[in-house]
Amino acid sequence: MHHVLSIFLLGAELSVRAGPSFAAGDAERGVPLADQTGVAPAFAIDGGWRANQTLYVGAFWATGFGVISPSPCPEGYRCTGPTIVSELGGGARLHLPPLGRFDPWIGAGLAFAVQGSNANRSETSPGSSGFCLFGCGPRAVHYRRDILRYGLDGMLEAGIDYRANEHIGIGLTVSTFAGKYLAVDVKEKRDGEEISSGPGSPGGDMHVWTLVAGRLVFDL
């Protein structure tokens, strides 16, 4: 029993990643993801089971900040960041024959994708309500539109780890997510109070998000 339990524990694997990410494609028609606010920082966490020397299966969560700066904005709005993209899913990795202490691998999976952004505009009201000691002047009214897009992405990745020992490794990875947003939720607020909420039109073309990262891996 002790021997079987030890094998089970040694099969568990956890890794963390961090690095730059890049976007391309369309969130929706006329809103190119390639119009970015520079290179976006991103991180990822994954964990699963190393079934044997070759096969790994597990789950992952990846998030990037400031990935998308929509252009053009909705009419009358200005777009602000950061925009956030998150991927939550699972997949498998195939470990290739090792090269000394180097452990190369390739992988594939599926992910539920969420992309959030917001846009702002201000209007000038004719007057201010309430008591005015020296007369009522115009007042600014602030509007904010929050947009969440949901979709399903396919994922392809590759990497190579340097195994310091049987429990710890460091490496480099490239992960690419590609898909289409299938649903959109739009909320509009006026001076912080919600005034409308409902589904929007996804109407999107393909989008692609690539994460290039350093990886720290632990075999438990």
| query | Which is it for F218 and E13 under the side-chain contact (heavy atoms from CB on, under 4.5 Å) test, yes or no, and what are the steps along the way? | reply | CA-CA 6 Å; F218 305 92; E13 183 175 291; over 6 Å; no
Flag yes if [X] and [Y] sit in one hydrophobic cluster, no otherwise; membership is Ile, Leu, Val, Met, Phe, Trp, Tyr, and two members link when side-chain heavy atoms are under 4.5 Å apart.
X    : Y    : answer
L172 : L96  : no
V16  : Y162 : yes
V184 : F112 : no

Rounded at 0.5 Å granularity, tell me how far [atom1] in [X] sits from [atom2] in [Y].
X    : Y    : atom1 : atom2 : result
T63  : F65  : OG1   : CZ    : 5.5 Å
I45  : L14  : CD1   : CG    : 7.5 Å
W105 : H95  : CH2   : NE2   : 7.5 Å
D153 : Q115 : CG    : CD    : 11.0 Å
D103 : Q53  : CG    : CD    : 8.5 Å
T54  : R93  : OG1   : CZ    : 13.5 Å

| query | Between Y56 and G48, is there a donor-acceptor pair closer than 3.5 Å when you use the side chain of the first and the backbone of the second? | reply | yes
What pair of heavy atoms forms the shortest contact from [X] to [Y], and how long is it?
X    : Y    : answer
P104 : P98  : CD-CA, 4.1 Å
A12  : W49  : N-CE3, 3.8 Å
N165 : H167 : OD1-N, 2.8 Å
F60  : L110 : CZ-O, 3.8 Å
G116 : L148 : CA-CD2, 3.7 Å
E87  : A113 : OE1-CB, 3.5 Å

| request: Using a strict 4.0 Å threshold on nitrogen-to-oxygen distance, state whether D146 and R144 make a salt bridge. | output: yes
| field | R17/D46 salt bridge by N-O under 4.0 Å criterion | value | yes
| said: Checking side-chain contact (heavy atoms from CB on, under 4.5 Å) between R163 and each of D219, I168, I170, which is the one that passes? | reply: D219
| request: For a side-chain contact (heavy atoms from CB on, under 4.5 Å) with F22, tell me which candidate from V212, T176, V208, L211 qualifies. | output: V212
| message | Quick check on the 6.0 Å ring-centre criterion: do W61 and F43 meet it? | response | yes
| message | In this structure, is the centre-to-centre distance between the rings of H207 and Y181 below 6.0 Å? | response | yes
| query | Where do Y150 and D185 land on the side-chain contact (heavy atoms from CB on, under 4.5 Å) test, with the steps shown first? | reply | CA-CA 8 Å; Y150 307 94; D185 181 61; 4.1 Å; yes
| query | Checking side-chain contact (heavy atoms from CB on, under 4.5 Å) for the pair I195/Y143: CA distance, chi angles, key distance, verdict? | reply | CA-CA 10 Å; I195 58 175; Y143 291 85; 4.0 Å; yes
| field | Any donor-acceptor N or O pair under 3.5 Å, side chains R215, S15 | value | yes
